Amino acid sequence: MIVQKSDGGYLYATSDLAAVRYRAGALAADRILYIVDARQSFHLQQVFAVARAAGYAPATTALEHHEFGAILGADNRPFKTRAGGTVKLMDVLEEGVARAFAQVSEKNPDMDEAERRQIARVVGIGSIKYMELSFNRTSDYVFDWDKMLALDGNTAPYMLYSYARIKSMFRRAGVDEDSLDGAIGIGERAENALAIKLLQFPEVVAAVARQCYPHVLCNHLYELADAFMKFYEQCPVLRADEPVRTSRLLLALLTARIVRQGLDLLGIETLERM
């Protein structure tokens, strides 16, 4: 690996080695993750090997390359503009927000415009993030606006709607979330399935942190939201008698909190209503 050219010039390898030395030395990093294109695999193998040999990164500092696949267009070729150029992220984000605004305006034409624009910003940007993270990062995937903004399936809009639906239920019931107190009782099969998904969340987060596959968290959140929808359909909440009513409200509240925390870990905001 060339670190310095014969004419004194520096290369990517030079700055990459300096970065390893700084992160492992000055910052005392225990674990350094490189989220870099799979095509740079050999380059990073060289950087890691030289950094070890030079003593820049001790054996106690983990150096990890977490590669990712390509984003494809509808033609299954690398995602490009119509003119064949590279697509700019800002252009994609702006189009996502614009498409979400049109969708929100069609469904809620009487809603205040400022609120529609706020919802569109969260949905549009969140949908792009979620789609990118919901696929195995080593796989290629097809960029599809319709699937990305769909209100059903493993998408950000579905997750955001699930969260907003629970928050709406509490508003309708006039229940203060912070004052809700009681024990959770599991009697129905749908309650049990939901409780299991809630209990699995810490284990899923730990696995994602360990293995760096965020799609595992996306899949879990989708399964959690799906379990809640089945619970909501099969187990009356607001019409139930006490103490079942409080128990089911607590299950709903825990679901909302975990969905919100999970989306926050993915860098996605939530909405109180949609």
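Values reported hereafter were calculated over all heavy atoms of this structure, with side chains retained and with hydrogens, waters and symmetry mates removed. Since this is a predicted model, take the numbers as computed values, not measurements.
Contact check for L133 versus I268: no side-chain heavy atoms found under the 4.5 Å cut-off. Looking only at side-chain heavy atoms (C-beta outward), V175 and L238 stay at 4.5 Å or farther from each other. A 4.5 Å side-chain heavy-atom check between T155 and K147 finds every atom pair outside the cut-off. Side-chain atoms of V92 and W145, non-hydrogen and from C-beta on, do get closer than 4.5 Å to each other. At least one side-chain heavy atom of L194 sits under 4.5 Å from a side-chain heavy atom of L224.
Aromatic rings of F228 and F231 (six-membered ring for Trp) have centroids within the 6.0 Å cut-off, being under it.
Between the side chains of N136 and Y141, no donor N or O sits under 3.5 Å from an acceptor N or O.
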Query raised in the report: Going through the distances and angles, do M169 and R165 end up as a side-chain contact (heavy atoms from CB on, under 4.5 Å)?
Result: CA-CA 6 Å; M169 181 177 67; R165 186 174 186 177; over 6 Å; no
Report task. Begin with the C-alpha distance, continue with both residues' side-chain angles, and end with the deciding distance and a verdict on side-chain contact (heavy atoms from CB on, under 4.5 Å) for L251 and L198. Result -> CA-CA 9 Å; L251 279 173; L198 291 169; 3.9 Å; yes
Requested in this report: Walk me through it: do I184 and E191 pass the test side-chain contact (heavy atoms from CB on, under 4.5 Å)?
Outcome: CA-CA 10 Å; I184 294 178; E191 292 174 314; over 6 Å; no
Report task. Please report the C-alpha distance between V47 and Y12 in whole Å, then the side-chain angles of each, then the deciding distance to 0.1 Å, and finally whether the side-chain contact (heavy atoms from CB on, under 4.5 Å) criterion is met. Result -> CA-CA 10 Å; V47 170; Y12 284 120; over 6 Å; no
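A salt bridge does not link R260 with D264: none of the charged nitrogens is closer than 4.0 Å to a carboxylate oxygen.
The environment of CD in Q211 is crowded: more than 12 heavy-atom neighbours from other residues, nucleotides or ligands sit within 6.0 Å. More than 12 heavy atoms of other residues, nucleotides or ligands lie within 6.0 Å of CZ in R172, so this atom counts as buried by the packing criterion. More than 12 heavy atoms of other shown residues, nucleotides or ligands fall within 6.0 angstrom of atom CZ in R31. Surrounding CZ of R171 are more than 12 heavy atoms belonging to other residues, nucleotides or ligands, all under 6.0 Å away. For D91, the CG atom sits in a packed shell: over 12 heavy atoms of surrounding residues, nucleotides or ligands are nearer than 6.0 Å. No more than 12 heavy-atom neighbours from other residues, nucleotides or ligands sit within 6.0 angstrom of CD on E203.
Here the options are H43, R21, Q46, Q40, the test is side-chain hydrogen bond (donor to acceptor under 3.5 Å, both in side chains), and the partner is D16; only H43 passes.
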